[in-house]
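Below is one structure, written out as C-alpha cells, with a few remarks after it.
What's counted below: heavy atoms across the whole structure, side chains too, no hydrogens, waters or symmetry copies. Note that this is a predicted model, so its numbers are computed, not measured. Throughout, protein chains are lettered first and strands after them, A, B, ... in sequence-line order, and every chain is numbered starting at 1.
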Amino acid sequence: MANLDLLNEMQRRAVLQTEGPVLILAGAGSGKTRVITNRIAYLIEECGVNPWNIMAITFTNKAAGEMRERVDDMVGFGSESIWVSTFHSSCVKILRRYIDRLGYENSFTIYDTDDQKSVMKDVCKKLQIDTKNLKEKTILGYISSAKNEMISPAKFATENATDYHMSKVAMAYKEYQETLKKSNALDFDDLLVLTVELFEQCPDVLDYYQERFKYIMVDEYQDTNTVQFRLISLLADKYKNLCVVGDDDQSIYKFRGANIRNILDFERVFPETTVIKLEQNYRSTGNILDAANEVIKNNFGRKSKSLWTDKEEGELLTLKTFDNGFEEAEYIARDIRQGVSSGEFSYSDHACLYRTNAQSRLIEEKLIQNNVPYKLIGGVNFYQRKEVKDMLAYLKTIDNGRDDVAVKRIINVPKRGIGATSLNRVEDYAASNDLTFFEALMDCERIPGLGKAVTKINEFVNFIRVQRSKLGYNSLKEILESIMDGTGYIEELKTENTEESLARVENVEELLSKVVTYEESTDEPTLAGFLEEVALIADIDNLESGSDYVVLMTIHSAKGLEFPKVYLPGMEDGLFPSYMCINSDDPTDIEEERRLAYVAITRAMKKLTMTCARARMLRGETQYNKMSRFIKEIPGHLVDKGQSTGRSTVGAGSFGGFGTQPRTGAPTTASSGFGGMSAADLFKSNAFDKPKSTVKPDNSMSMLVKGNQMSKADGLDYGPGDRVKHIKFGVGTVVSTEDAGRDYEVLVNFDTVGPKKMFASFAKLKKI
DNA sequence: CAAGCCATAAACCTA
DNA sequence: TTATGGCTTG
C-alpha cells in the first residue's frame, strides 16, 4: 500500500509525477528507495496501471533482489508480474526470444570470463599476437570498453589505425567477435549491445517491448554506461514514461564505463523532463552535510543541488594531522576503543573508509594491537593476500630454509619451469635422506632423474643464496626489492596491467613500507626479527568473532551504506586525490575524485573524523604530502582541528595551511607543501590506485600442499546407460563411471559432440 | 626426433 | 585428479 503521508513534499511529488520523463536527483541519504517503491505502488493502486507494464532496472542482482522484496511487501497481489531485474538479465530474456532476427540462434550460450579468455587465446595464436606483451585479459579489457561505448570492430579499427599496439587489439576484436558469432555465443557486454542492435533493426520487436514497458524506472542511474542509456532511451521512446533516479554527485564508476553525461544531459535528450530534487537528507548532521556540500560545490559539471537537514548541527568534524601514518592509525584505533568503552557506541557503529586497499594494513595492525575487532569488507586481510604471502615466503626461505611450506610455495612462483614431477622427486629424496626440502634442493645434483630441472633449481637456490649472503650487509629493504625485481614478480604483475594486478603491486609495495619502518624503528633489525613481528600480527586475526566489529573498506565499496561514526584516513594530496588524477590531462578526473570525497563524507551519520599524516611511507619511501585539497574546501568553522598532535612536533609548520578560512591558531604556512622530496618518484611509478579492485584471497596452493576443495561425491546418482545432461555439451548417454581416487571419472557419449571424459565433481551432470 | 616434463583445462554463470 | 598439447632438451 502506498502511503503518501510518510513522504516529504518532494518525495511525494516524485511519486505523483507518473507521466513523462522524470529525473529524480536523489542526494545521499534522501530516501530514494522509499520513493521508488511508493511510486510503483501508486502507479498500480491509484493510476490503474497494470503491473505487467512496469519495469524496474537495477545494476546488481543484489539490488534487484532487495527491490523485489520491498515492492512485493508494498504492492502485494500482482507484484510478481512487475519486471524487476538487472540490465543484463533483462537483455537475456529479450534475446532468448528474438535474437534469431540478428542471425543468432535463440539457444545462444553466454561466455564467462574463462570462456572469453580461451577464445582470445585462440585468436591471439591465429593472429600471431605475442601474449607476453599483450595479455589476453588486457585485450579483453579494451574490447569491453569499446562495447560499452557501442564501438564496432570496424569503427574501432579505423579509430586506432595509427597506433601499432591498438591496431593489434582492433584485429583481435574483429576476430574475437567473428569467433563468438560462429559459436553462437555472446559475452557479457554483447547482451546489451545486441539488444540495442535488435531494437534498432527490428521496429516491430521494439514496438512490442515499448508497449509492454509503458512505465520504466532505473535506479542508480548515474552508473549507466552508453549502451545502457541507449537501451532505455529506445524502450522509453514511445511513451516517454521514463523515471530515472540517481545522483550525479555520486558517480564514481567512470573507470568501469559509467558515463556521467547520461545524467547531466538527460533533460536535453528528453525535453519536457520533470526534474525533482530530493535534497532533504535523513542521515547526517548539519555540519557533516554542510561539509559535503562545500566540497562538491567545487565541481563544475554537475546539477546544482544542495542537501539540507532538519537535524541539529551536531558535532564538528574532527581533523587530526599526525607526523606519520602510524600515529594516525594508532589514533583511530584508540579513538574507536574509547568510543566503545564509554558505552556510547558499539564497534559496528564505526567505519574506516580509505582510498586504496593497501592503506588497510597499518590500520589493521593497530586495531589488532588495541584488541579492536574489525572486518575487512570486499577484501582480504592484508597478510592473507597472495602476493604478500608470496613475498613473505621468499623472506622466510632466505631467513632459513626450514619452512618447507614456504619453500614449496615460491619455488615455481613466478613460473620458472620447475614442475610437479621434479618436485615429487625432490620430496622423495628429502624424505629418504631426512633433509628439509630446501636442503634437498641444494643437493639436487644427486637426485636421480631430475635431468634438466637441475639447472632451474640451481638458479633458484643460487638466487636465495645470494640474497642470504646479503643479510647483515644490505638492508632488508634492498633484499625485498631484489625479490620483487629479481624474480620478475612485479614485472609480471605490471605487464598484466589489470586493476587487480596493479592492486597487487600496491600491496607488495605496502609490505616494503612495512619493512622500512621495521628497520627504522628497531635497533638491530634482522630478517628473523621482522618475520617474527609479522607472524604475531598475521596470526592474531582469528580474534574476530561475533557480530560486533569495526568495518574497514574502500570508499567505493561504501557507496550506499551509512555509519554513525566514520573515519577517513589518508586525506593527503597524492593519496586522495591520487597522483594519477592530479597529474591527469583530463580535468574531469579530479572531479570524479571529488565526488568520491563527497560519497565518503556523506556516509557519516553523527561524527566524521578526517586524518592525515605529514609524512607517509609509500612504496618504501617517505613522502611528505600536503593536506588534501578536499579538506581545504571545507570551511574552517565546521571543523575542530584540535591541538596539533603527535608527540614530537618535528616537522611542524611544513604542513599546508587550512585554505581560505582563517582559523584560530592555525599554523598557516599555506603552500609550503613538499618538504623537498621525491614527487618525481611517484610520477614515474606505474602503481596507481584503481579502487574497488578487490584482490582475491590466496587460493593458489603449491601443488604439493594441495588442499581438498572438492570432496568426492559419495556415490553418483547415475550410472552406465543413464541419460544425462551437461551444460555445454547437451544430452548424452553414460558409457562408464570409474572410481578415480578422489573423484569419479565419467565417460559420456554426447549426442552432438561425441564421447567425452569428465570428472563428476566438475561436470555437474544431471540425470534426465 | 623422441622423450619427458611443464602448464593448463575440465566447472559455476559474476557487475 | 587426469588428459593433453607445447616446449625443451639430450
Cut-off 3.5 Å, no hydrogens considered: what does the side-chain donor-acceptor table look like for residues 92-99 of chain A, sequence neighbours left out?
| residue | atom | partner | partner atom | Å |
| --- | --- | --- | --- | --- |
| A/Arg96 | NH1 | A/Asn106 | O | 3.2 |
| A/Arg96 | NH1 | A/Phe108 | O | 2.8 |
| A/Arg96 | NH2 | A/Phe108 | O | 3.3 |
| A/Arg97 | NH1 | A/Tyr208 | OH | 3.1 |

Task: Pairs where residues 437-448 of chain A contributes a residue and the test side-chain hydrogen bond (donor to acceptor under 3.5 Å, both in side chains) is met, not counting sequence neighbours - done: A/Tyr429-A/Asp443, A/Thr436-A/Glu439, A/Glu445-A/Asn458

Task: Of A/Ser118 and A/Ser144, the one whose closest DNA chain B nucleotide lies more 5' - done: A/Ser118

- [ ] Report the residues that fulfil salt bridge (Lys or Arg N to Asp or Glu O under 4.0 Å) with A/Arg416, sequence neighbours left out, ordered by chain and then residue number.
- [x] none

Open item on the list: Please give the distance between the P atoms of B/dA11 and C/dT4 as a whole number of Å.
Closed with: 15 Å

- [ ] Could you tell me which residues satisfy salt bridge (Lys or Arg N to Asp or Glu O under 4.0 Å) with A/Glu66, sequence neighbours excluded, listed by chain and number?
- [x] A/Lys62

Task: Listed partners of A/Asp248 passing salt bridge (Lys or Arg N to Asp or Glu O under 4.0 Å), at least two apart - done: A/Lys305

Task: Nearest atoms (heavy-atom pairs only) where A/Ala236 meets A/Leu242 - done: CB-CB, 3.7 Å

TODO: Confirm from the modelled atom types if A/Thr113 and B/dT14 form a donor-acceptor pair under 3.5 Å, side chain to base only.
DONE: yes

Open item on the list: Rounded to whole Å, how long is the line connecting atom NZ of A/Lys62 with atom P of B/dA15?
Closed with: 10 Å

TODO: Whole angstrom is fine here: how far is it from CG in A/Asp122 over to C1' in B/dA9?
DONE: 12 Å

- [ ] Provide, to the nearest angstrom, the distance between the CG atom belonging to A/Leu191 and the P atom belonging to B/dT14.
- [x] 10 Å

Open item on the list: Contact between A/Tyr176 and A/Leu140 at the side-chain level, heavy atoms closer than 4.5 Å - yes or no?
Closed with: yes

TODO: Calculate the interatomic distance between A/Asp187 atom CG and B/dC13 atom P; express it in whole Å.
DONE: 18 Å

Task: A/Lys121 side-chain N/O to B/dA9 phosphate OP1/OP2 under 4.0 Å - done: yes

Open item on the list: Nearest whole Å is fine: how far is B/dC13 C1' from A/Asp115 CG?
Closed with: 9 Å

Open item on the list: Once you apply a heavy-atom cut-off of 4.0 Å, does A/Phe87 come out as touching a base, just sugar-phosphate, or nothing?
Closed with: nothing

For nucleotides 4-6 of chain B, print each protein N/O atom paired with a nucleotide N/O atom at under 3.5 Å, atom names and distance only.
| residue | atom | partner | partner atom | Å |
| --- | --- | --- | --- | --- |
| B/dC5 | OP1 | A/Arg425 | NH1 | 2.9 |
| B/dC5 | OP1 | A/Arg425 | NH2 | 3.2 |
| B/dC6 | OP1 | A/Gly419 | N | 2.6 |
| B/dC6 | OP1 | A/Ser422 | OG | 2.4 |
| B/dC6 | OP2 | A/Thr421 | N | 3.1 |
| B/dC6 | OP2 | A/Thr421 | OG1 | 2.7 |
| B/dC6 | O5' | A/Gly419 | N | 3.3 |

- [ ] Starting from P on B/dA15, measure out to CG on A/Asn148 and report it in whole angstrom.
- [x] 15 Å

Task: Length of the line joining A/Leu186:CG and B/dT14:P, which is rounded to integer Å - done: 14 Å

TODO: Measure the distance from NZ on A/Lys117 to P on B/dA9 and round it to the nearest whole Å.
DONE: 8 Å

